[in-house]
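Some notes on the structure that comes next.
As the structure is a computational prediction, the values presented were derived from the model and not from experiment. Reminder, nothing fancy here: chain letters follow the sequence lines and each chain counts from 1.
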Amino acid sequence: MSLSHLMAQRRAKIESWRAIGCEPYAYAYDVTHHADALLAKGDAVTSEFGEVVRIAGRLMTKRGHGKAGFGTLLDKTGRIQAYFKSDVLGEQFARFELLDVGDWVGIEGPLFRTRTGEITVRADAIMLLAKSIRPLPEKWHGLTDPEVRFRQRYADLFVNLDVRETFRRRARLVSGIRRFLDDRGYLEVETPVLQPVYGGAFARPFVTQHNALDLQFYLRISNELYLKRLIMGGLERVYEFSRDFRNEGMDRTHNPEFTLLEYYQAFADIHQMMDVTQALVCDALMAACGSLKVPYQGRTLDFTPPWKQVSMLDAVSEKVGESVHDLDEAKLLKHCAKHHLHPRQGTGAGGALDELFSALVQPELQDAAFVIDFPVATSPLARVSRTNPAVVERFELFAAGFELANAFSEQNDADAQRHAFEAQAAAREKGDEEAQVLDEDYLRALEYGMPPTGGVGIGIDRLVMLATDSRTIRDVVLFPAMRPEEGRPVDDEADVPEDAAEEGAPRV
RNA sequence: GACCCGUUAGCUCAGUCGGUAGAGCACCUGACUUUUAAUCAGGGUGUCGCUGGUUCGAUCCCAGCACGGGUCACCA
């Protein structure tokens, strides 16, 4: 049976419903209960017919038995069975017979327990809420093709119920973080997505055009510089869940748009921000998963505080068998060559160290760990360490071998910041497309004075990946970036009624 | 961006050493008043991703393209 034929059969039923006096697209339905609450009644539900309820959802299965039948309704909380009996429904039994799997339906009737023990609603009245004219994926194997699952997340969400749990966890994690920060006196703010100068991270931007201003804008790669402007304005503690956009490759841990939580706290350095971050992440994981021992891809990640601190210089020194604390470029490049690593041209000792760290140390950071002692060259917005002028006051949080957070004692010396920007500009001249852009307005703000400030960015999508045992970022983003289905029509021609096609009606 | 793999019925998948294809579920008809992957009897599934090439003949071989997956590169 071709798709167009299957859809024609379903469309034909629209008229059948009208023929028995039912409008197949309702305006409202007064729902009294959801599936989970009814199932939770447990032993209170017996074979005696009890409380009369009204439930609504999508019909997911249908089993006819002549003058009776069963169906499963799926609502936002889960599935519950309904029982349809000719004696009870009278002329409305015809409605049951007309129902297709996929239809939205409202059922009213008493709760009872069937002979086989399943809590069930007996249908005394059936209301069609919306006719489904497209056949559903198969009930047993469901929808497994990742392309279709992501393109048609709507179908994924009603076929693969574990997907719903992933996004519920995501919501719990985000609201847990929001509560945590609100309780500590942080102000939630919103800053521009469209920025005339982009900054705060190393990345290539998306570019867009403002017609009225005849100006080129960039979609933000970070909101860091705006949040710090608010610190300069005296707000002291601010945060934003920022949708950021980076025009880079896509893989298991990168989507071109992603959610970065950034929070800034005046009068704090990275040591205090480590404490805040540890507490925040633990709180969020408890809210999302209820545990700090998080199962992820076959192992258990331990987030129990206090988290280990790993010095980048110590860890790399240990791996290569000699001290690299002097950040001697030739020595670092020698070790890179030994391990067949190729740091990017012109990134110097810092780039070589980073390369060694990524290859040799990072994969071992499975349990939560703070990495510290980053070289100065790669951190233009951070302050130099009080104890070692070769490194900056910065930490990154790692777990499951990937970066979850990045934090600095923020640079608040306006002249030093200008010099760091100028060094970036020089790198840019040399062809480093990701070097940061000098932001004069940001420097003006800094010149008014910024209090000592600690700032942290947490990759929310990645944290959700851990909290939901998801292998790829696409599993925790509802509509991950994909190429359009070019050249492949959404429907074949036969799916569109002739009259609609002739009138040139839009097909979506 | 590079390499490898995939694309067959609405869904999940088999298959054709080159002769235009099958299964299960779904769907349709009938039977069945407590089933739950309901059961029983019967029925039709399709531009084999697209475009070319080779061939008497291509879903199968070859090339290009599209989309997806994986690995790498990029990505702090």
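Nucleic acid contact class of A/Gln81 (heavy atoms, under 4.0 Å, all strands): base. Heavy atoms of A/Phe112 sit under 4.0 angstrom from at least one base atom. In this structure, A/Arg474 reaches the sugar-phosphate backbone alone: every heavy-atom distance under 4.0 Å involves primed, P, OP1 or OP2 atoms, never a base. Contacts of A/Thr144 with the nucleic acid, taken as non-hydrogen atoms under 4.0 Å apart, involve only primed sugar atoms and P, OP1 or OP2. Using a 4.0 Å heavy-atom cutoff across all strands shown, A/Asp145 reaches sugar-phosphate atoms only and no base atom. Using a 4.0 Å heavy-atom cutoff across all strands shown, A/Arg113 reaches no nucleic acid atom at all. Residue A/Arg252 is out of contact with every strand shown, counting any heavy-atom pair closer than 4.0 Å. Within the nucleic acid shown, A/Phe202 comes within 4.0 Å of sugar-phosphate atoms alone, with no base atom in reach, counting heavy atoms only.
In the set B/C75, B/C28, B/U12, the nucleotide with an atom closest to the side chain of A/His254 is B/C75. Among B/C28, B/U33, B/C74, the nucleotide with an atom closest to any side-chain atom of A/Asp251 is B/C74. Here the nucleotide nearest the side chain of A/Arg471, chosen from B/U71, B/G68, B/C28, is B/U71.
Atom P of nucleotide B/G10 and atom CE of A/Met7 are separated by 12 Å, given to the nearest angstrom. The interatomic distance linking A/Asp100 (CG) with B/C11 (P) rounds to 17 Å, in whole Å. B/G43 atom P lies 17 Å from atom NE2 of A/His5, rounded to whole Å.
The same atom, P, is picked in B/C60 and in B/A23; the two are 22 Å apart, to the nearest Å. Separation of the P atoms belonging to B/C27 and B/G70 is 33 Å when rounded to the nearest angstrom.
Note on A/Arg246: every side-chain N or O is 4.0 Å or more away from OP1 and OP2 of B/C75. Regarding contacts with the backbone of B/U34, every side-chain N or O of A/Arg122 stays at 4.0 angstrom or more from both OP1 and OP2.
Sorted by first and then second residue, the pairs that involve residues 356-375 of chain A and meet salt bridge (charged side-chain N to carboxylate O under 4.0 Å, His left out), not counting sequence neighbours, are A/Lys319-A/Glu364. Screening residues 401-412 of chain A for salt bridge (charged side-chain N to carboxylate O under 4.0 Å, His left out) gives A/Lys228-A/Glu410 as the qualifying pairs, with residues at least two apart or on separate chains. Within the structure, no pair that satisfies the salt bridge (charged side-chain N to carboxylate O under 4.0 Å, His left out) test touches residues 80-98 of chain A, not counting sequence neighbours. Listed by first then second residue, pairs satisfying salt bridge (charged side-chain N to carboxylate O under 4.0 Å, His left out) with a partner in residues 36-46 of chain A read A/Lys41-A/Glu51, not counting sequence neighbours.
Taking only distance into account, the side chain of A/Ser86 never meets the base of B/U33 through a donor-acceptor pair shorter than 3.5 Å.
Residues that satisfy the salt bridge (charged side-chain N to carboxylate O under 4.0 Å, His left out) test with A/Asp354, not counting sequence neighbours, are absent from this structure. The side chain to side chain contact (heavy atoms under 4.5 Å, CB included) search around A/Glu118 returns A/Gln81, A/Thr114, A/Thr120, not counting sequence neighbours. Residues satisfying the side chain to side chain contact (heavy atoms under 4.5 Å, CB included) criterion with A/Asn160, sequence neighbours excluded, are A/Leu143, A/Arg149, A/Asp156, A/Asp162, A/Val163. Partners of A/Arg394 under the side-chain hydrogen bond (donor to acceptor under 3.5 Å, both in side chains) rule, at least two apart in sequence or in another chain, are A/Ser379, A/Glu396, A/Asn406. In this structure A/His271 satisfies the side chain to side chain contact (heavy atoms under 4.5 Å, CB included) test together with A/Asp269, A/Arg386, sequence neighbours excluded.
The 12-atom threshold is not exceeded at CZ of A/Arg299, counting heavy atoms of other residues, nucleotides or ligands nearer than 6.0 Å.
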Return the polar atom pairs (N/O with N/O) between nucleotides 38-40 of chain B and the protein under 3.5 Å, or none.
| residue | atom | partner | partner atom | Å |
| --- | --- | --- | --- | --- |
| B/A38 | OP1 | A/Lys139 | NZ | 2.1 |
| B/A38 | OP2 | A/Arg63 | NH1 | 3.4 |
| B/A38 | N7 | A/Gly64 | O | 3.4 |
| B/A38 | N6 | A/Gly64 | O | 2.7 |
| B/A38 | N1 | A/His65 | ND1 | 3.3 |

Can you name the atoms? Protein N/O to nucleotides 21-24 of chain B N/O, anything below 3.5 Å, with the distance.
none

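When base pairs are accepted only as Watson-Crick or G-U wobble with both N-N or N-O distances under 3.5 Å, RNA chain B takes part in stems of 3 or more pairs at B:1-7 with B:66-72, B:10-13 with B:22-25, B:27-31 with B:39-43, B:49-53 with B:61-65.
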